[in-house]
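Given the structure is predicted, the values throughout are model-derived calculations rather than measurements.
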Amino acid sequence: MDPGLQQALTRVAPSQDTAMHVPAGSVASHLGTTSRGYFYFTTTALALCLVFAVATIMMLVVQKTDSIPNPPGKFPLKGGNCSEDISCILEKAPFKKSWAYLQVSKHINKSKLSWNKDGIVHGVRYQDGNLVIQFPGWYVIICQLQFLVKCPEHSVDLKLELLINKDVKKQTLVTVCESGAQTKNIYQNLSQFLLEHLQVNTTISVKVDKFQYVDTNTFPLENVLSIFLYSSSD
């Protein structure tokens, strides 16, 4: 090849070292910029999703609140504050078709709890410790129990079970009086919540593993079973 032409091509062609080797600093800088950009994009997207979710929840709450009527209260309030009385909340709520509010019976002698018959029952039937559904739909079920345990020399398991047609749907288990504990008396609250679609004649009941520890004296009004029809299937 002509020497002059070879020299010209050499000047135009990129050096192998230049093409293959890039300073480490520039690579790290590029990767760092890419990572930061991805992080900012992800954070912004998550923030927007959170704002949208909160806004949606607030709209639903406002709509539900606007639909709540204000009939004259039929139940005594504790300190004049309806938020402290579940029966008052149920009375003022829009779900009028089917709901119940029962307090546990003082005479408990078996694992399946019985409830005071003079409780508030509307659109539901009470029979032998069971609430019997009369209208199909989605029901919210809430149960709260107070326990008083005089600690023996061993640990005690407290268990609360919500049953639908004799099948356990939700349960809570707590162990108290663990080995080495110095406390003689332990107060323990157990509660459970369930949202379930129920048909007519479905039964709802509550069982406790250690029924002798249910405290019906210290806080008798705090041992309750409450349900309401949230969305009807009719």
Side-chain angles (χ1 to χ4, degrees), residues 53-106 108 112-146 160-172 189-208 214 219-234:
V54 172
T56 303
I57 293 173
M58 291 181 65
M59 290 178 62
L60 292 175
V61 170
V62 170
Q63 291 175 359
K64 183 68 74 173
T65 303
D66 291 341
S67 66
I68 295 178
N70 292 307
K74 296 182 181 179
F75 304 98
L77 305 183
K78 299 177 181 179
N81 187 353
C82 185
S83 64
E84 297 178 2
D85 194 324
I86 297 179
S87 62
C88 170
I89 295 173
L90 293 174
E91 173 67 13
K92 292 182 178 294
F95 33 81
K96 295 284 187 176
K97 193 171 185 179
S98 180
W99 59 283
Y101 180 83
L102 299 173
Q103 296 174 352
V104 73
S105 172
K106 280 186 171 294
I108 302 174
K112 180 180 177 180
L113 297 183
S114 58
W115 309 87
N116 291 333
K117 295 182 180 180
D118 58 352
I120 305 167
V121 178
H122 179 77
V124 188
R125 184 161 53 91
Y126 176 76
Q127 181 180 6
D128 299 329
N130 298 317
L131 285 173
V132 185
I133 298 300
Q134 303 298 299
F135 299 98
W138 287 95
Y139 281 81
V140 174
I141 306 169
I142 305 169
C143 181
Q144 173 180 276
L145 295 175
Q146 306 289 338
L160 163 64
E161 297 177 334
L162 283 180
L163 292 85
I164 305 297
N165 288 336
K166 299 182 179 180
D167 296 326
V168 177
K169 288 293 184 178
K170 270 295 192 65
Q171 63 181 357
T172 301
N189 173 288
L190 291 184
S191 59
Q192 193 54 265
F193 169 89
L194 177 64
L195 176 63
E196 189 81 5
H197 188 273
L198 304 177
Q199 300 295 335
V200 176
N201 292 327
T202 298
T203 61
I204 303 170
S205 59
V206 178
K207 291 182 66 176
V208 291
V214 176
F219 303 104
L221 301 181
E222 303 302 323
N223 298 305
V224 297
L225 171 64
S226 177
I227 72 167
F228 63 85
L229 176 62
Y230 179 75
S231 177
S232 176
S233 298
D234 294 344

[X] [atom1] to [Y] [atom2] distance, which is reported to the nearest 0.5 Å:
X: N130; Y: I204; atom1: CG; atom2: CD1; value: 9.0 Å
X: Y126; Y: I120; atom1: OH; atom2: CD1; value: 15.0 Å
X: E222; Y: L145; atom1: CD; atom2: CG; value: 11.0 Å
X: S205; Y: Q127; atom1: OG; atom2: CD; value: 12.5 Å
X: K97; Y: S231; atom1: NZ; atom2: OG; value: 10.5 Å
X: I227; Y: E196; atom1: CD1; atom2: CD; value: 12.0 Å

Original post:
Counting only N and O atoms by type, is there a donor-acceptor contact under 3.5 Å from the side chain of Q192 to the main-chain atoms of Q171?
Top reply: yes
Original post:
Hey, does the side chain of K112 reach the backbone of G129 with a donor-acceptor pair shorter than 3.5 angstrom?
Top reply: no
Contact summary for [X] and [Y], nearest pair of heavy atoms:
X: V208; Y: L160; value: CG1-CD1, 4.3 Å
X: S232; Y: L229; value: CB-CD2, 3.9 Å
X: N223; Y: W115; value: O-CZ3, 4.0 Å
X: F135; Y: G123; value: CD1-O, 3.6 Å

**OP:** For K106, enumerate each residue passing the salt bridge (Lys or Arg N to Asp or Glu O under 4.0 Å) test, keeping only those at least two apart in sequence or located in another chain.
**Re:** none
Non-neighbouring partners of [X] that pass side-chain contact (heavy atoms from CB on, under 4.5 Å), sequence neighbours left out:
X: V121; answer: A100, L102, V124
X: T202; answer: I133, I164, N165, L198, Q199
X: S105; answer: H107, S114, N116
X: V200; answer: P136

**OP:** Enumerate the residue pairs fulfilling salt bridge (Lys or Arg N to Asp or Glu O under 4.0 Å) with a member in residues 123-140, sequence neighbours excluded, ordered by first and then second residue.
**Re:** none
**OP:** Please lay out, stage by stage, how N189 and Q144 fare under the test side-chain contact (heavy atoms from CB on, under 4.5 Å).
**Re:** CA-CA 7 Å; N189 173 288; Q144 173 180 276; 3.5 Å; yes
Original post:
Taking the side chain as C-beta and beyond, is there a heavy-atom pair between L162 and C143 under 4.5 Å?
Top reply: yes
Original post:
Can you tell me if CZ on F193 sees more than 12 non-hydrogen neighbours from other groups inside 6.0 Å?
Top reply: yes
Original post:
Parallel, tilted or perpendicular for H122 and W99, by the 30°/60° rule?
Top reply: tilted
Original post:
Given L131 and L225, is the side-chain contact (heavy atoms from CB on, under 4.5 Å) satisfied, shown in steps?
Top reply: CA-CA 10 Å; L131 285 173; L225 171 64; 3.8 Å; yes
